[in-house]
Student: 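What follows is a structure written as C-alpha cells; I'll ask about it next.
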Amino acid sequence: MFSDTRVPELLDPDALQAWQAFSLAFWDEPCFGLDQERQRQLFQAGFFRSRWFLYGMVDEPEPGYLSDFQAMRLQAANAKYQTVMADRVLCSHVMSNYCKVPEIHCVVTSEEVQWITSPWWRQGDAGSGELIIHPTQFGMGSGYQRVLLEDGSFRGPMGEGRSDELVQTLQARARQESCSYVLTEHVAQGGFAESLAPGHLNLLNVLLVREQNQWQPELAATTLLIGREREDGSHAMRVEDGALSASVDLETGLITSCKGLDESSQALASFPIHPQLGSSIVGRQLPDWQKTRQMLIAFFDESSYLRACNLTFLLTDDGPCFFAVCEGQLATHQIHRPLLSDPFISSHIDRLGA
Amino acid sequence: MMPILTPTSTKHLLRRALGRRQPSLREEISRSGYFSAEWYLGNYPELQRDSHAVQDPLGHFISHGVWQGLNPGPGFHTTWYLKENEDVRNAGINPLIHYLRYGRNEERRPTPHLAGIHARLPYLKGGRHTRVIYDTRRSADLSHEGRVKRLDKAEGVEAWRDFSQEFQRESCRLSQEDAEYLHNRGFLPDKKALYGLPNTQANAYISDLQARLLPLANGQARQMLETPALQYQLYARRLPMLASDRPPAPGPCLKAVMMLDPASAELVLLAAVVERTECPRGHHTGKSYRLSLNSGRVKSVVRYRANALLGAPRRPRPWERRRYQEAWRFAQQRILAEIAKKPLFTFAQLDIDISGDTPRLIGLRSQLSVVPFQVHGPLMQSEVAIEFIREFGI
C-alpha cells in the first residue's frame, strides 16, 4: 500500500508523477468535515478525502480498496503503450475501428491551436450546437466540460463570450493552468441514457484488464455514471461531487444497484430511482448489452499491447460512442466492489510495487 | 535621357508591371507547395464571408492575407517569420516570397512548428523551436561528420555507436582507404559493392547511419510503427491487411517509402520497389524492381546478393514492364491513399504482400530497408526528400 513515507523510495519517474498528481489533487478536494488525523491517514494510504464516505470507511482506510494513488499507477501496467491511451488523437483513431467516435475539432495548447477540422461555429451561417472540452491529460483534473453555442455566443463552465472567441478563451485557460485541451463535437446521447436522468450526460464507464500470464481480456467492472444537480445548481459529473453510480451486471447488462453520496448526511446511499428526477434506474437493462460487450472485448483482445484501461462511452441509440479515457478515476466502480480483490488488478499492482 | 512620364503613361507602365508581377508571384507560390487553398479557407473560416477569398484564395492571400498575418498553409508561419527576421519586416516584402527566393537558402526557417508537421500530427511532441533529433539550424552541415558532431541525444548517440561497432566487425577485408571513405560517410562495408562506392553521388544515398536515425523523425508515432498489434487495429478494418501474427507468404513484396512533405504537410510517396528473394543452390540472392510512382511500370531491375550486385541495374524486359502494374494500382488506391488520408507519421516504409490475388498490407516500419531501394541509385534526389532531411537535420 502507498504511504507518503515511501515517497523517497519512488525512483520511477511515472510513480513520482502519479504521486505528484495525487498529492496536488488531494489538497484540491474539500475536507468533507474530516478531522486532521483522518485526513493524514487517508493521505498516507493514498486515498482522497471523499473516499472515507464513498467507501464507507469506519476506523481507518480499508485495505481491500485500490487507493487513488494505485489507481493512477495502474496505467503504468501498460508500460510505454500508455501513451497510446493518453493520446486523444491516436486513441480516437484506434477506437474508430470499433465504435462511433466524436470528431476532434482542434487541440489547444498554451502555445498554439492545432486545427483538425474546420470550426463550423465560426462560419457565417453557423447554427446552434454543443461542443465538449476534454483535458488532454487525464487524471484528477477538471474533467470534461460542455459548451453551448447559440446566437453567435458560447456558454459553459469556463464562462461566456462570443463564439469566435471560444478557442482564444480556452487557450488563455490552457496558459493559466499549464495544460492542453481537445475540443470535440458533442454527440447526442440516446433515449435510454437520457431517460436515466434527463438533461444530464449519463456515461458508461468500463474497466478492462488483461490477465498477466495468459493475456486473456476481462471486463473487470462496468458502471453508469448518472448526473445529479448539486445544491448550487451545477451538474455533478463525478461520484465525489454527488453524481450517482449504477452498477451494471457484466453478463446481462442489468442495472443491479445505484449508489451516490447523500449530500445532507455525507454518507453513501442507495438510489433505486433518481433522487431528483424520479426516473427509475435499478432493474433497467442496457440496450444491446451483448453487442456492446462483444465490441469491448474485441477492442481489448486486439489491443494486446495494453494491460489495463478505463474507458468512458456515451450511449447513443446506435450503440456506444467513445467519450474519453479516464485512467485514475475508479471510484465510480469501487463504491460497488473493492477492486483490489480482483486478482488481475492486484497482480498488476503488485508487479508495479504500488 | 529619361522618358517623361505622363499620368497616363505611368498608369500604363504600372499596370504592365503589376500585370507581369502578379502571375509570376502566383506561379512561384503555387509551385512551391506552401499554399493550400483548402487549408487556407478551412483555417480562417471568416474568409467564407469574403467572396474574393472564396473565388480566388491565392489571390486573396497575396493581396490581403499575407499583410493580415494569415498563413498560406501549414508549412509557413507568416507572423513568426516576420518576427524572427527584422530585415524582412523592414523591407516590406511578402514574407513567403522572401523565404522562397532567399530565406530557404539562408539561415531561416519557415515556421517554428517542424515545417507544418506539428500542425498535422498534433500528438507528435515537437513544440516551439524543438527539433526531433538535433537542435540544428537549417543550414547546418549535413555531411556525415557534421551529423555525428550534432548528435546530442541518447538515441542518436546510440545509433552512432551501433553503426560504428557494426562497421568495426565487418570492415576487416577493407583497405584502409576504403574503410575511411565509407566510415566517414556513414556507410557499412557492404555498400561499397552494392552502391558502387566511391562515386560522385555518394551524398545522395541514404547512409546506414541516416537510416538508423530516420525512425527518430517519427517522434511518438514511432510507437505505432513498431507495434504490429496497434497497426493492425488502426488499419485492418479500413484496408486489406495481413493479420499481425501471420507471417507473409514467401513471394514478391512491394515496398514503398512515404514521407511528409515539409511544405504541404501531406504524406507523399518517395519510392517503390518490388523485392523478390531467390535462393538458387543455397546462395541467398534478391531481385529488386523499381516501379514508376505514376504508372506502376517497372523502370529498372537489379539482381544482388547480401553484399554485392550480380549485375548493373538494367532496363526491364518487355514482359517484365507491366508485371506489377495491377498490384501497384490496387495498392496505391486501396492501401497507400487510405494511409495518406490521416497522416500519423512523418516517415515510414510500407511492406505490401503481393503474392496472392489481392495485395495486402503487411505492416509499416520506421526503419528503412535501404538496399532494395538504393541498388537502383540514390534515394535522396527529389526536392521533397532533400527538404525533409534538411528540416530534421538527419
Student: Whether the side chain of A:N97 engages the backbone of B:R237 through a donor-acceptor N/O pair (distance < 3.5 Å, no angle test) should be reported.
Tutor: no
Student: Closest heavy-atom contact between A:H93 and B:L234?
Tutor: CB-CD2, 3.4 Å
Student: Applying a criterion of heavy atom separation less than 4.5 Å, what residues of residues 288-303 of chain A form contacts with chain B?
Tutor: A:F299, A:E302, A:S303
Student: Under a 4.5 Å heavy-atom cut-off, does chain B meet the side chain of A:V182, its backbone, both or neither?
Tutor: neither
Student: Can you list the residues that meet the side-chain contact (heavy atoms from CB on, under 4.5 Å) rule with A:D317, with sequence neighbours excluded?
Tutor: none
Student: side-chain hydrogen bond (donor to acceptor under 3.5 Å, both in side chains) with A:N205: which residues, sequence neighbours excluded?
Tutor: A:T312
Student: What distance do B:E226 atom CD and A:Y305 atom OH have between them, rounded to the nearest 0.5 Å?
Tutor: 14.5 Å
Student: Which residues pass the side-chain hydrogen bond (donor to acceptor under 3.5 Å, both in side chains) test with A:S96, sequence neighbours left out?
Tutor: B:R238
